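Every chain is numbered from 1 and lettered A, B, ... according to where its sequence line falls, protein lines coming before strand lines. Predicted model only: the values in this text are computed from it and were never measured. Values below: all heavy atoms of this structure, side chains included; hydrogens, waters and symmetry mates excluded.
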There are 2 protein chains.
Amino acid sequence: MINLYKDEDKALVAVDCIIFGFDNENLKILLIKRDFEPERGKWSLMGGFLKKSETLDEAADRVLRHLTGLNNVYLEQLRGYSKVDRDPVERTLSLAYYALINISDHTEINEEYSAKWFNIDEAPSLIFDHQEMVRYAISRLRYRAQTKPIGFELLPQKFTMKQLQSLYEAILGEKLDKRNFINKINGLDILLKLDEKDMNSSRKGSYLYTFDELKYRAKVSDGFTFKL
Amino acid sequence: MINLYKDEDKALVAVDCIIFGFDNENLKILLIKRDFEPERGKWSLMGGFLKKSETLDEAADRVLRHLTGLNNVYLEQLRGYSKVDRDPVERTLSLAYYALINISDHTEINEEYSAKWFNIDEAPSLIFDHQEMVRYAISRLRYRAQTKPIGFELLPQKFTMKQLQSLYEAILGEKLDKRNFINKINGLDILLKLDEKDMNSSRKGSYLYTFDELKYRAKVSDGFTFKL
DNA sequence: CTTTGAAAGTGTAAAATTCACATTTATTAA
DNA sequence: TTAATAAATGTGAATTTTACACTTTCAAAG
């Protein structure tokens, strides 16, 4: 078969990852300090180029694994960015992804990169259109977290109600009422209350919960939809 | 500056458009019958390749203008599709867009393509991953139509409440209660009720409305958010 | 061993929103 | 004048959301 596409322009394609974490207080993003041109020394998202033999999801996965060593991370594609001169070196398309990782379990970041966690509202300015990507990522995360039980990706497997509430407050950027929050979460009936308590936060101790994924899936296939 | 990216793989990048229309009864998509290889004779979305000098939005716009002659059409990027062999000819990335056009005003489709409107639930099967793109487009449209007043893009400038309700029913795929719908729409206070009536649908005639964009914008900047 | 401090845990009533639902009005064609 | 057809209109019940404050637990301090 002759190649009908041979006269078309090709482009470099990159993926850039907005990596979210949560430290029990603030929503954070992981940024790297570029030690290569262009824009050496500036802060940016972690990214990489798409290879011929992989999908975008695989590329994002690879980039993430390379930086954090983590596999099976929650990743969602956001959208493509395509300003003609967004990268000064060469015409490069970028597809933004966001990732949710559990900081507490995983502190080992590849030292090859000078990576650092920043509160989302204290992050430095970023190269290219990365700022715009972050804004979009936050808005998507806000939406998604109210629609799908993805918040748990940011928490340790066992967590307290307080942690869960603080997480949602950080994601939504607003304070929530404790009793209403707990009532709503319990109403969803997708958490498992453990016998175990976390004794760090108070003398009384607070119960630990886990997300009951199996129960959630069963409920979903019965027509249930998560809605915070 | 030496080109640091020169060893990276490049890819063809396409845009594919899900073009929605509404005929006062059903939500429709405009498909073309391919008269070129690969998959000649099969139905597909209208698409085209991204050129070096344009953004994705511009490419989608160009593709759309070429097919329909329309400018300033509502277009929203959906996401990238990147299965390695999604196009059998060559590795091609595609960015899906959806467009909302007002069928009644514009019937002139470029005859160069054999294009045809299909009800969304009666569309033929499509080439490549276009089917998947359509599904995603519908779900995004459903969400967006409840969040932003984009429905009006699919209607003539002057429309009846009945038309508006039928449109939302078609988008959401469910019947709505007439009185509740009207009460909700009127509650938003973003329509202008005209003195004019549409006398085609009944002896009594039904009032025509227009979307009052200025009022809507003013309300938005006062903190209002459209929510159906 | 009693007191104190600090966070955890718990329920209800008011307000707002959503939902279900049926009759009257206007017009023209018969 | 009557009949037929779609347009227009409001209310009460049910549900959901919101606001709100006191009691419990336990270890550390005295």
Quickly work out the N186(A) CG to dT17(D) P distance and round it to whole Å. 15 Å

Return the value, rounded to whole Å, for the distance between atom NZ of K184(A) and atom C1' of dT17(D). 7 Å

For dA6(C) and S201(A) - does any side-chain N or O of the residue sit under 4.0 Å from the phosphate oxygens OP1/OP2? no

Starting from C1' on dT28(C), measure out to NZ on K204(B) and report it in whole angstrom. 14 Å

Atom CG of N180(B) and atom P of dA8(D) are separated, to the nearest Å, by 16 Å

From the options dA7(D), dA29(C), dT9(D), select the nucleotide whose nearest atom is closest to the side chain of S202(B). dA7(D)

Counting only side-chain heavy atoms from C-beta out, which of dG11(C), dC26(D), dT5(D) sits nearest to N183(A)? dG11(C)

The side chain of Y207(B) is closest to which nucleotide in this list: dT18(C), dG11(C), dA8(D)? dA8(D)

Can you measure K178(B) atom NZ to dA20(C) atom P for me and round it to whole angstrom units? 17 Å

Please confirm whether the backbone N or O of L188(B) pairs with a side-chain atom of K219(B), one donor and one acceptor, at under 3.5 Å? yes

Rounded to whole Å, how long is the line connecting atom CG of D177(B) with atom P of dT23(C)? 15 Å

Using atom NZ of K227(B) as one end and atom P of dT17(D) as the other, report the distance to the nearest whole Å. 12 Å

When you get a sec, tell me which of dT17(D), dA21(D), dG9(C) is the closest nucleotide to the side chain of R179(A)? dA21(D)

E58(B) and R62(B) ion-paired at < 4.0 Å: no

Under a plain distance cut-off of 3.5 Å, with no hydrogens placed, do T160(A) and D198(A) share a side-chain donor-acceptor pair? no

Before we go on, tell me: are the rings of Y143(B) and Y143(A) under 6.0 Å apart, centre to centre? yes

In whole angstroms, the gap separating C1' of dA7(D) from CD of Q163(B) amounts to 14 Å

